[in-house]
Amino acid sequence: GDEFITSVYRKPTFTGLYIPFDSYSPLGRKISLLRNLTDRARRLCSPRLLEQELHYLRELFRKNGYPDRLIMKYVRGSVTTGPVFYGPERCRVLLRLPYLGKVSTTCMIDAQKCVQSAYGGVK
């Protein structure tokens, strides 16, 4: 069907290097990195791609030397807690299209269906 599929984008030059766990950096900063990347995944990924992204993050942190117990505490917990919503509960969006007869009507209906399937509650 018609739906928006979103995920985290990484540049082709991304190396996977973040703060190594054994670096001389405060533990709080390392935990914040775990939390922030996990929250970013939860905010940006479509439900069907979220688990794949979280798996990627777990492997990425293992390669950077993070202990499994710390990874699982912050990355696994996010799967069961549901999505995080930011911003206003409702936001009016206006899409203006030129009138081209029946094509405009069809395009409007398709856009409404697409937005409805992605966000729900759209009129």
Side-chain angles (χ1 to χ4, degrees):
D2 296 331
E3 61 182 315
F4 290 115
I5 305 295
T6 58
S7 66
V8 174
Y9 173 77
R10 290 180 183 84
K11 295 168 109 176
T13 57
F14 177 68
T15 62
L17 183 62
Y18 284 106
I19 303 170
F21 191 75
D22 61 357
S23 72
Y24 188 70
S25 195
L27 180 61
R29 185 169 293 158
K30 297 169 191 172
I31 290 172
S32 291
L33 179 63
L34 277 162
R35 283 181 172 163
N36 289 334
L37 291 179
T38 302
D39 284 347
R40 177 177 71 167
R42 290 175 59 209
R43 280 186 279 119
L44 297 179
C45 289
S46 298
R48 70 164 64 168
L49 296 178
L50 179 59
E51 186 56 43
Q52 178 182 341
E53 178 64 20
L54 294 177
H55 176 74
Y56 179 82
L57 288 175
R58 286 189 287 270
E59 293 304 311
L60 184 70
F61 282 111
R62 281 187 187 106
K63 289 178 184 175
N64 280 281
Y66 285 69
D68 282 339
R69 64 178 171 72
L70 193 63
I71 295 170
M72 297 316 263
K73 179 178 180 179
Y74 291 100
V75 180
R76 176 179 286 182
S78 65
V79 177
T80 57
T81 57
V84 175
F85 295 100
Y86 294 92
E89 194 171 311
R90 296 187 74 133
C91 178
R92 185 177 175 148
V93 176
L94 182 62
L95 177 62
R96 292 180 190 243
L97 302 171
Y99 183 74
L100 302 171
K102 187 176 179 183
V103 174
S104 295
T105 304
T106 304
C107 185
M108 178 187 71
I109 292 169
D110 289 345
Q112 286 175 336
K113 285 179 184 176
C114 197
V115 171
Q116 173 71 28
S117 69
Y119 297 104
V122 174
K123 292 183 180 182

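Reckoned from all heavy atoms, side chains included, excluding hydrogens, waters and symmetry mates. Only a predicted model underlies this, so the values are computations on that prediction, with no experimental measurement involved.
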Can you tell me how far CG of Asp39 sits from CG of Leu34, rounded to the nearest 0.5 angstrom? 11.0 Å
From the list Arg62, Lys73, Arg58, salt bridge (Lys or Arg N to Asp or Glu O under 4.0 Å) with Asp68 holds only for Arg62
Is there a continuous path of hydrophobic side-chain contacts, each under 4.5 Å between heavy atoms, that joins Val8 to Ile5? no
Glu53 side chain near Arg42 side chain, heavy-atom distance below 4.5 Å: no
Spacing of Asp110 atom CG and Thr105 atom OG1 [to the nearest 0.5 Å]: 11.0 Å
Holding to salt bridge (Lys or Arg N to Asp or Glu O under 4.0 Å), I want the full list of residues that pass it with Asp22, two or more places apart in sequence or in another chain. none
May I ask whether Met72 and Ile31 are part of the same hydrophobic cluster, defined by side-chain heavy atoms of I, L, V, M, F, W, Y residues being less than 4.5 angstrom apart, directly or through others? yes
Quick one: does Cys114's side chain get under 4.5 Å of Phe4's, heavy atoms only? yes
Is it the case that atom CZ in Arg10 sees more than 12 heavy atoms from other parts of the structure closer than 6.0 Å? yes
Taking Thr38 for the side chain and Val75 for the main chain, is one N or O donor matched with an acceptor at less than 3.5 Å? no
Might you point out which heavy atoms bring Asn64 and Tyr18 nearest each other, and give the distance in Å? OD1-N, 3.3 Å
Using 30° and 60° as the class limits, which term best fits the ring planes of Tyr66 and Phe61: parallel, tilted or perpendicular? perpendicular
To the nearest 0.5 Å, what is the distance between CG on Leu37 and CG on Leu54? 10.5 Å
Please report the closest heavy-atom contact between Cys45 and Ser7, naming both atoms and the distance. SG-CA, 3.8 Å
Counterpart residues, salt bridge (Lys or Arg N to Asp or Glu O under 4.0 Å), relative to Arg35 (two or more places apart): none
Quick one: CG on Leu49 to OG1 on Thr6, what's the gap to the nearest 0.5 Å? 7.5 Å
Count I, L, V, M, F, W, Y as connected when their side-chain heavy atoms are under 4.5 Å apart, and connections chain through other members. Are Leu27 and Ile19 then in the same cluster? yes
Can you list the residues that meet the side chain to side chain donor-acceptor pair (under 3.5 Å) rule with Gln52, with sequence neighbours excluded? none
Can you get from Tyr9 to Tyr56 by hopping between Ile, Leu, Val, Met, Phe, Trp and Tyr side chains that sit under 4.5 Å apart? no
